[in-house]
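Chain identifiers are assigned alphabetically (A, B, ...) following the order of the sequence lines, protein sequences preceding nucleic acid strands; residue numbering begins at 1 within each chain.
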There are 2 protein chains.
Amino acid sequence: MHASFHPQDNALIRKLESVFALTDDERQALDDLPLQVMDIKADQDIVREGDRPSRSFTILSGFTSTYKVTGDGRRQIVAFGIAGDIPDLQSLHLKVLDISVATLTPCRVGFINHEDLWRLCMRHPRIAAAFWRETLIEGAIFREWVVNVGRRDAYTRMAHIFCELLVRLKAVGLAEGYACNLPMTQSEFADAIGTSTVHVNRVIQELRANGLIELSGDRLNVPDWEKLKHAGDFDPTYLHLENAQAAA
Amino acid sequence: MHASFHPQDNALIRKLESVFALTDDERQALDDLPLQVMDIKADQDIVREGDRPSRSFTILSGFTSTYKVTGDGRRQIVAFGIAGDIPDLQSLHLKVLDISVATLTPCRVGFINHEDLWRLCMRHPRIAAAFWRETLIEGAIFREWVVNVGRRDAYTRMAHIFCELLVRLKAVGLAEGYACNLPMTQSEFADAIGTSTVHVNRVIQELRANGLIELSGDRLNVPDWEKLKHAGDFDPTYLHLENAQAAA
DNA sequence: CGGTCGCTTGAATTGCTTCAAAACTTGTGG
DNA sequence: CCACAAGTTTTGAAGCAATTCAAGCGACCG
């Protein structure tokens, strides 16, 4: 374990605590969970499609992308990972990974052996249920992305992604009001919304010109949340957040 | 419960049995699971976005579509349901439904109270794990659909969907060789691959002209599986089938 | 200070949409 | 058993959203 890491830095535990009140027993079990903490630089694959991992990892800090590559080499990002997420939790049940996960920024991640995860789930059914629930929410986000890419134009799609990221970051305390850090490049956004980089650029400029976003460098600010929500056809229900005001 | 229904008709139990060998105890618990069997005619919503169901349902026979509708009324189908599936199992953990499920054909479905499902999961952790696993595979399919809609052209997309449906139907014994029943209309396929109905029609004709599919009425036949797989950029890994030959 | 990476702009091209209408299929009631 | 209605498939033509290619600009970094 990394010398300077303490359980209270674990965004995953903080997230679980926000869903339901942990008993002392559960809290202890989570604190005791062996975590191999590792710092990874930006633009590195953490796991790759085809891997058969014996452990999963939680994001302690930083941003990741979950992606697949088509036969002719086109990349599609299917999810962004933020602090508290376990992007490859599925590998606990599904032996072969069908996705790759890469860092978008330098990341601190905590690897957890599947063996330890299993033990935790068996002894603490409510924690098992919470993990299951997390994977179900992840699934709900995938569904919304299918809709986004399948039935919305590029302008709406881009606005939708901004909405989703802001709300998710808010929910884990990584947004200040209607502003947050977004380290993705336009080319990464393009791979997420299924368009070309050039078109993402034009659409972002349009959003800017319409006063819906202020985006410079890594910083996003949303001057009029209701307008952006409307432009992005965004309804946060699918994120299944408990504290609904985070989704306001 | 419907008079003429017997547990051995339950495609869900057959599917679980194909994943791992059930103990007598588990088998008994599944057979005893109270199931409210219902026959539903074609093109009916079974559950709707926004519902807060106290039960889930398994498809005993027939086909369903899982869909969402955008603000401007465009429909996107995010999944097709076949016998053995539990399209709204997520509602066990997520109170508000973020999707609607409709019948594509007349369907026989079995409703299971969440209460009973919870009891089953608590007493039989391996069954709970199998259900969790099913939802994870569903998630893997959503991811592949994001890639399909985001990064493949309409011709490839259509071929991909045919591949996926054939393999899934094969896995539950609903295909004969490389042929199966596909009751979806071209307009439903369009909503699944995120294009217009007109374009689906042209693409299907192209697939036909290239000898990749024979499709008439509800019947699909694939004369050259390898060619269709290649045309659809299809790799069945993401379906996570245990008996790999089903995916050959 | 030169090289790499990300952002921006313009112009030509294209895959797909939209609109419109005809041909075919299926189910229903007289 | 035929006739009609309703839904589905097919075809053509015009239009557009987004792509591709190409080049210039700016910022950061070794």
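Checking D:dA18, C:dC16, D:dT20 against every side-chain atom of A:R74, the shortest atom distance belongs to D:dT20. Closest to the side chain of B:S196, from the set C:dT18, C:dG10, C:dC16, is C:dT18. Closest approach to the A:H199 side chain among D:dA18, C:dT9, C:dC19 is made by D:dA18 (side chain taken as heavy atoms from C-beta onward). Taking only side-chain atoms of A:A154, from C-beta outward, the nucleotide of D:dT19, D:dG12, D:dA18 with the closest atom is D:dA18. Nearest to the side-chain atoms of B:T185 among the listed nucleotides D:dT8, D:dT19, C:dT17 stands D:dT8.
Between A:D233 and B:R74 there is no salt bridge, since none of the side-chain N atoms of the basic residue sits less than 4.0 Å from a carboxylate O of the acidic one. Salt bridge absent: B:D72 and A:R151 never bring a charged side-chain N and a carboxylate O closer than 4.0 Å.
Heavy atoms of A:R151 sit nowhere under 4.0 angstrom from any nucleic acid atom.
A straight line from CZ of A:R152 to P of C:dC16 spans 21 Å, rounded to a whole angstrom. The separation between B:R202 atom CZ and D:dA14 atom P is 13 Å, rounded to whole Å. The CG-C1' distance, from A:D43 to C:dT4, rounds to 13 Å in whole Å. Nucleotide C:dT17 holds its C1' atom 13 Å from the CG atom of A:D153, rounded to whole Å. At whole-Å resolution of the value, OH in A:Y155 and C1' in D:dC16 are 18 Å apart. Atoms CG (A:D191) and C1' (D:dT19) sit 14 Å apart, rounded to a whole Å. Per the geometry, NZ belonging to A:K41 stands 12 Å off P belonging to D:dG30, to the nearest Å. For the pair B:L215 CG and D:dT10 C1', the computed distance is 14 Å after rounding to whole Å.
Residues B:I82 and B:I59 have side chains not in contact (no heavy-atom distance under 4.5 Å, counting atoms from C-beta outward). In this structure, A:V101 and A:F57 have side chains that are in contact, with non-hydrogen atoms separated by less than 4.5 Å.
The number of heavy-atom neighbours closer than 6.0 Å to CZ of B:R208, taken from other residues, nucleotides and ligands shown, is above 12.
Contact check, A:N201 against C:dC7: no side-chain N or O comes under 4.0 Å of OP1 or OP2. Of the side-chain N and O atoms in B:Q186, one or more sit less than 4.0 angstrom from OP1 or OP2 of D:dT10.
Residue whose closest nucleotide on DNA chain C sits further toward the 5' end, between A:V198 and B:G194: A:V198.
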